[in-house]
Amino acid sequence: EVQLVESGGGSVQAGGSLTLSCTASGYNIRNSRMAWFRQRPGWEREGVATIYTGTNKTYYRLSAKGRFTISQDNANNMLYLQMNDLKPEDTAVYHCAATGPDKSIEWLSVPRMSSSEYTYWGQGTQVTVSS
C-alpha cells in the first residue's frame, strides 16, 4: 500500500520560512514525478511545484518561483518543499502527490501541475501565514 505522509507545517509570520517533508512508503520515488499541491480556503487545489526525480528537473507555479524549492532524497525516499518569504496568501493545506506506475520517461519528463495527473496523495499539512 502506498502511503505519503506530510509533516513540517505550522504557523509563521509573513516573511518567515518552513520546510515541508513527505515520507513515501510502498512507493519508490526514484525515477518518478512528484509534486506539492495546496488547497487554499475557497480555492481549488493548485500545483505549487513538481519534480522529475530521474533528472532532478523542477517546475514551479509563478507565485512560488524564487521563494520555494522542491527537492528529493532518494536514499530516504523523501520529498521536501522549502518555503521562504512566506506570504499570507500561501496559507493552505499542502499535499504531497506522486504519479502512478507504468509512466514512460517521456511522460514523466514533462512538468505536470494538474491534480488529475497524480494518483497518490498525502493527507496534507496545514501552513498558516499571518501578516
Side-chain angles (χ1 to χ4, degrees):
E1 180 191 3
V2 175
Q3 282 194 317
L4 303 176
V5 180
E6 303 94 339
S7 61
S11 297
V12 296
Q13 290 197 316
S17 299
L18 283 172
T19 299
L20 306 183
S21 301
C22 172
T23 303
S25 59
Y27 184 92
N28 189 344
I29 73 167
R30 193 180 299 271
N31 291 317
S32 67
R33 177 159 290 284
M34 300 190 72
W36 287 96
F37 284 76
R38 67 186 179 190
Q39 182 97 50
R40 294 186 285 172
W43 292 71
E44 294 206 354
R45 189 172 293 188
E46 59 187 18
V48 175
T50 182
I51 184 170
Y52 172 36
T53 61
T55 61
N56 220 32
K57 289 196 79 172
T58 59
Y59 181 84
Y60 300 88
R61 70 178 300 108
L62 191 59
S63 62
K65 211 169 183 179
R67 298 188 299 128
F68 293 5
T69 302
I70 186 171
S71 62
Q72 58 169 319
D73 179 353
N74 275 332
N76 292 300
N77 223 34
M78 293 187 69
L79 184 74
Y80 300 99
L81 184 69
Q82 170 70 42
M83 304 186 293
N84 298 324
D85 190 24
L86 282 160
K87 305 176 188 300
E89 52 265 39
D90 294 319
T91 294
V93 177
Y94 284 73
H95 297 268
C96 172
T99 53
D102 302 326
K103 301 295 186 189
S104 69
I105 290 175
E106 290 73 21
W107 192 95
L108 291 169
S109 297
V110 175
R112 300 187 182 274
M113 297 283 268
S114 170
S115 59
S116 62
E117 295 176 302
Y118 291 83
T119 299
Y120 305 111
W121 293 85
Q123 291 296 309
T125 185
Q126 175 71 46
V127 171
T128 303
V129 186
S130 58
S131 57

Looking only at non-hydrogen atoms, find the nearest pair between L4 and C22 and report the distance.
CB-SG, 4.0 Å

Does any part of the side chain of Q72, heavy atoms only, come nearer than 4.5 Å to the side chain of M34, both counted from C-beta?
no

Checking L62 now: which residues fulfil side-chain contact (heavy atoms from CB on, under 4.5 Å) with it, not counting sequence neighbours?
none

Specify the closest pair of heavy atoms between A92 and R40, including all atoms of both residues, with the distance to one decimal.
CB-CG, 3.5 Å

Output every pair passing ring pair (Phe, Tyr, Trp, His ring centres under 6.0 Å) with a member in residues 110-129, not counting sequence neighbours, ordered by first then second residue.
Y27-Y120, F37-Y118, F37-W121

Which pairs with one or both residues in residues 105-116 pass side-chain hydrogen bond (donor to acceptor under 3.5 Å, both in side chains), sequence neighbours excluded?
R112-E117, S114-S116

side-chain hydrogen bond (donor to acceptor under 3.5 Å, both in side chains) filter on N28, not counting sequence neighbours, yields none

Got a second to check how far S21's OG is from Q82's CD, nearest 0.5 Å?
10.0 Å

Using the test side-chain hydrogen bond (donor to acceptor under 3.5 Å, both in side chains), find all partners of Q123 that sit at least two apart in sequence or belong to another chain.
none

For the atom pair CZ (R33) and CD1 (I105), what is the distance rounded to the nearest 0.5 Å?
12.5 Å

Side-chain heavy atoms nearer than 4.5 Å, only ILVMFWY residues, links allowed to pass through others: does that put V5 and V127 together?
no

Report the residues that fulfil salt bridge (Lys or Arg N to Asp or Glu O under 4.0 Å) with R30, sequence neighbours left out, ordered by chain and then residue number.
none

For the residue pair T58 and Y52, establish whether any side-chain heavy-atom pair is separated by less than 4.5 Å.
no

Apply side-chain contact (heavy atoms from CB on, under 4.5 Å) to T119 and list each qualifying residue two or more places apart in sequence or on a separate chain.
none

Solution key, residues 7-14 side-chain donor-acceptor pairs under 3.5 Å, sequence neighbours excluded:
none

Rounded to the nearest 0.5 angstrom, the OG1-CG distance for T128 and L18 is 9.5 Å

For E89, the salt bridge (Lys or Arg N to Asp or Glu O under 4.0 Å) test, sequence neighbours excluded, returns none

Let me confirm one number: the CE-OG distance from M83 to S17, rounded to the nearest 0.5 Å.
9.0 Å

Kindly give the heavy-atom pair with the smallest separation between E6 and G124, and that separation in Å.
OE1-N, 2.8 Å

What distance do L108 atom CG and T53 atom OG1 have between them, rounded to the nearest 0.5 Å?
8.0 Å

Does the side chain of L79 reach to within under 4.5 Å of the side chain of I29, using non-hydrogen atoms?
no

Quick one: closest heavy-atom pair of Q39 and E44, and the distance?
NE2-C, 3.6 Å

Summary of ring pair (Phe, Tyr, Trp, His ring centres under 6.0 Å) pairs that have at least one residue in residues 53-97, sequence neighbours excluded
none

For K103, enumerate each residue passing the salt bridge (Lys or Arg N to Asp or Glu O under 4.0 Å) test, keeping only those at least two apart in sequence or located in another chain.
none

Can you name the side-chain contact (heavy atoms from CB on, under 4.5 Å) partners of R67, sequence neighbours left out?
D85, K87, D90

Over all atoms of both residues, closest heavy-atom pair of P88 and S130
CG-C, 4.5 Å

